[in-house]
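Read through the structure below, which is laid out as structure tokens, and then see the notes.
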Amino acid sequence: MINTDFFITPDNWSFAGIILSVLTIVAYLLFLKTKTSQKAYFIVTVILLYVSFGSPIALLRDYGLHSLTMLQHIVLLMIAPILFLKSIPSNTILFSEKFKLNILQQPKNYYLMFWWLNAVMMWGGHFLSAGILSAETGTAICGITATKDSWITAIPESLILSLLFIAGILFALPVFNPVKSKRIAPLKSVIYLFTACVSCSLLGLYVAFSASTDTLNSSLTAFTTLRSPVPLTLRADQELAGMLMWVPGCILYVLASVSILLSWYEENPVEKSETAIHTAK
């Protein structure tokens with residue numbers, strides 16, 4: 001049974017984070033002229049960031065819950081970046097010609113680099129987080145075993161999560177750029193997202209099927225000692241982590257691809273039909 005006291009205890013909520021989140025939302029509403037949908041996207045983005053960094057859910061990783069770490073990675077790498085870019089107006093100075101940063105001005109020229117950066121952070125962030133969890137719990141996570149004095153424990157988990165969010169924004173930029181003219185072509189966007197879907201599916205499969213019998217045998221002792229508010233065996237937790245990346249993670253990219261195709265067709269359906277007929281002739 002889930003320990004609800006853990007989630008309602010005030011000490012487990014970051015009040016500084018709440019204040020910062022509220023101020024960020026107020027500043028956005030006051031200084032940026034945006035559509036209602038964009039306001040909603042931004043508010044949801046801020047809420048997701050707070051949940052990932054300052055809520056009791058963020059503290060569950062301290063109990064060795066790999067599935068919660070994976071959920072954080074999905075939110076920060078795949079969901080929040082897209083919502084963030086959708087919330088930014090196209091006339092923002094970051095995307096205007098006055099801002100001389102070629103990566104932001106011409107993201108179409110860097111989409112392969114952004115794709116690889118996303119894949120490296122997806123896999124690398126997972127292995128780093130798994131190593132940190134292994135060092136903290138004394139158990140093997142996805143076949144990774146680290147000691148408490150390992151170098152990996154010196155890496156702040158917040159740094160990994162922040163880098164995931166930045167990598168997610170850069171990855172989404174060529175597809176969801178606030179300036180439509182700076183996006184890559186729709187069909188290329190679909191391929192771009194589909195290959196990323198394959199990457200996250202492979203990671204999910206690896207995590208889900210790397211749960212070993214040894215992990216199952218040692219699970220009860222580990223979680224009894226840790227007194228986790230969410231009682232899961234290590235094996236079940238690791239399998240859930242893999243399934244989260246494998247199924248929901250991939251579905252997110254598939255849904256984004258379908259949305260792009262539908263939007264592309266709805267813009268000028270007649271023109272596209274005439275082009276197709278002309279091409280056939």
Side-chain angles (χ1 to χ4, degrees), residues 34-45 47-49 51-52 70-90 95 107-119 121-123 126 164-165 167-208 240-277 279-280:
T34 57
K35 301 176 182 177
T36 302
S37 60
Q38 289 178 304
K39 292 180 175 67
Y41 288 140
F42 187 81
I43 292 172
V44 173
T45 300
I47 292 173
L48 289 175
L49 290 176
V51 170
S52 298
M70 189 66 80
L71 186 59
Q72 283 178 306
H73 288 199
I74 292 172
V75 168
L76 294 173
L77 190 65
M78 302 179 187
I79 302 176
I82 295 176
L83 296 177
F84 174 73
L85 288 176
K86 282 182 169 292
S87 73
I88 302 300
S90 58
F95 301 99
K108 294 188 289 187
N109 299 337
Y110 299 92
Y111 73 94
L112 287 178
M113 182 180 74
F114 292 157
W115 190 97
W116 281 107
L117 176 63
N118 179 76
M121 281 306 304
M122 182 186 295
W123 285 76
H126 160 71
L164 283 168
F165 182 57
I169 291 176
L170 293 176
F171 170 79
L173 194 58
V175 179
F176 299 98
N177 196 301
V179 182
K180 290 186 177 181
S181 62
K182 296 179 181 179
R183 299 175 184 175
I184 58 179
L187 291 180
K188 188 179 288 186
S189 297
V190 172
I191 297 173
Y192 183 79
L193 294 173
F194 176 76
T195 51
C197 170
V198 173
S199 177
C200 73
S201 294
L202 290 175
L203 176 58
L205 285 167
Y206 166 77
V207 174
L240 177 59
M243 291 298 293
L244 285 171
M245 179 61 75
W246 177 15
V247 182
C250 190
I251 287 177
L252 288 171
Y253 286 139
V254 171
L255 291 177
S257 299
V258 171
S259 175
I260 290 169
L261 286 176
L262 291 176
S263 298
W264 176 57
Y265 182 78
E266 289 175 357
E267 284 178 359
N268 292 296
V270 176
E271 181 180 329
K272 289 181 176 61
S273 299
E274 292 176 349
T275 302
I277 292 172
T279 303

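Note: hydrogens, waters and symmetry copies are ignored here, and every other heavy atom, side chains too, is used.
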[atom1]-[atom2] distance between [X] and [Y], expressed to the nearest 0.5 angstrom:
X      : Y      : atom1 : atom2 : answer
Cys250 : Leu202 : SG    : CG    : 9.5 Å
His73  : Met245 : NE2   : CE    : 7.5 Å
Phe84  : Leu173 : CZ    : CG    : 10.0 Å
Phe171 : Leu77  : CZ    : CG    : 8.0 Å
Thr45  : Leu83  : OG1   : CG    : 4.5 Å
Met70  : Ile74  : CE    : CD1   : 6.5 Å

| Do the non-hydrogen side-chain atoms of Leu76 and Leu48 ever get within less than 4.5 Å of each other? | no
| message | Do Ile169 and Leu85 have side chains that approach each other closer than 4.5 Å (heavy atoms only, starting at C-beta)? | response | yes
| query | Hey, is the main chain of Leu255 close enough, under 3.5 Å, to the side chain of Ser259 for a donor-acceptor pair? | reply |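 No, the answer is negative, given that no donor and acceptor are paired below the 3.5 Å cut-off.
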Taking every non-hydrogen atom, the tightest pair across [X] and [Y]:
X      : Y      : value
Tyr253 : Met78  : OH-CG, 3.5 Å
Met243 : Ala208 : N-CB, 4.4 Å
Gly249 : Cys200 : C-SG, 3.8 Å

| Contacts of Ile43 that satisfy side-chain contact (heavy atoms from CB on, under 4.5 Å) - sequence neighbours left out | Ile25, Ile47
| said: For residues 188-197, which residue pairs pass the side chain to side chain donor-acceptor pair (under 3.5 Å) check, not counting sequence neighbours? | reply: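 Matches after skipping sequence neighbours: Trp115-Thr195.
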| task | Write out all pairs satisfying side chain to side chain donor-acceptor pair (under 3.5 Å) with one or both partners inside residues 75-87, taking only residues at least two apart or from two chains. | result |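 Qualifying pairs, neighbours excluded: none.
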| message | Does Val51 form a side-chain contact (heavy atoms from CB on, under 4.5 Å) with Val75? I'd like the steps, not just the answer. | response | CA-CA 10 Å; Val51 170; Val75 168; over 6 Å; no
| task | Report the relative orientation of the aromatic rings in Tyr206 and His126; use parallel for angles under 30°, tilted for 30 to 60°, perpendicular for over 60°. | result | perpendicular
| request: For a side-chain contact (heavy atoms from CB on, under 4.5 Å) with Val190, tell me which candidate from Leu261, Val254, Ile184, Val175 qualifies. | output: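 Of Leu261, Val254, Ile184, Val175, side-chain contact (heavy atoms from CB on, under 4.5 Å) with Val190 is met by Leu261 alone.
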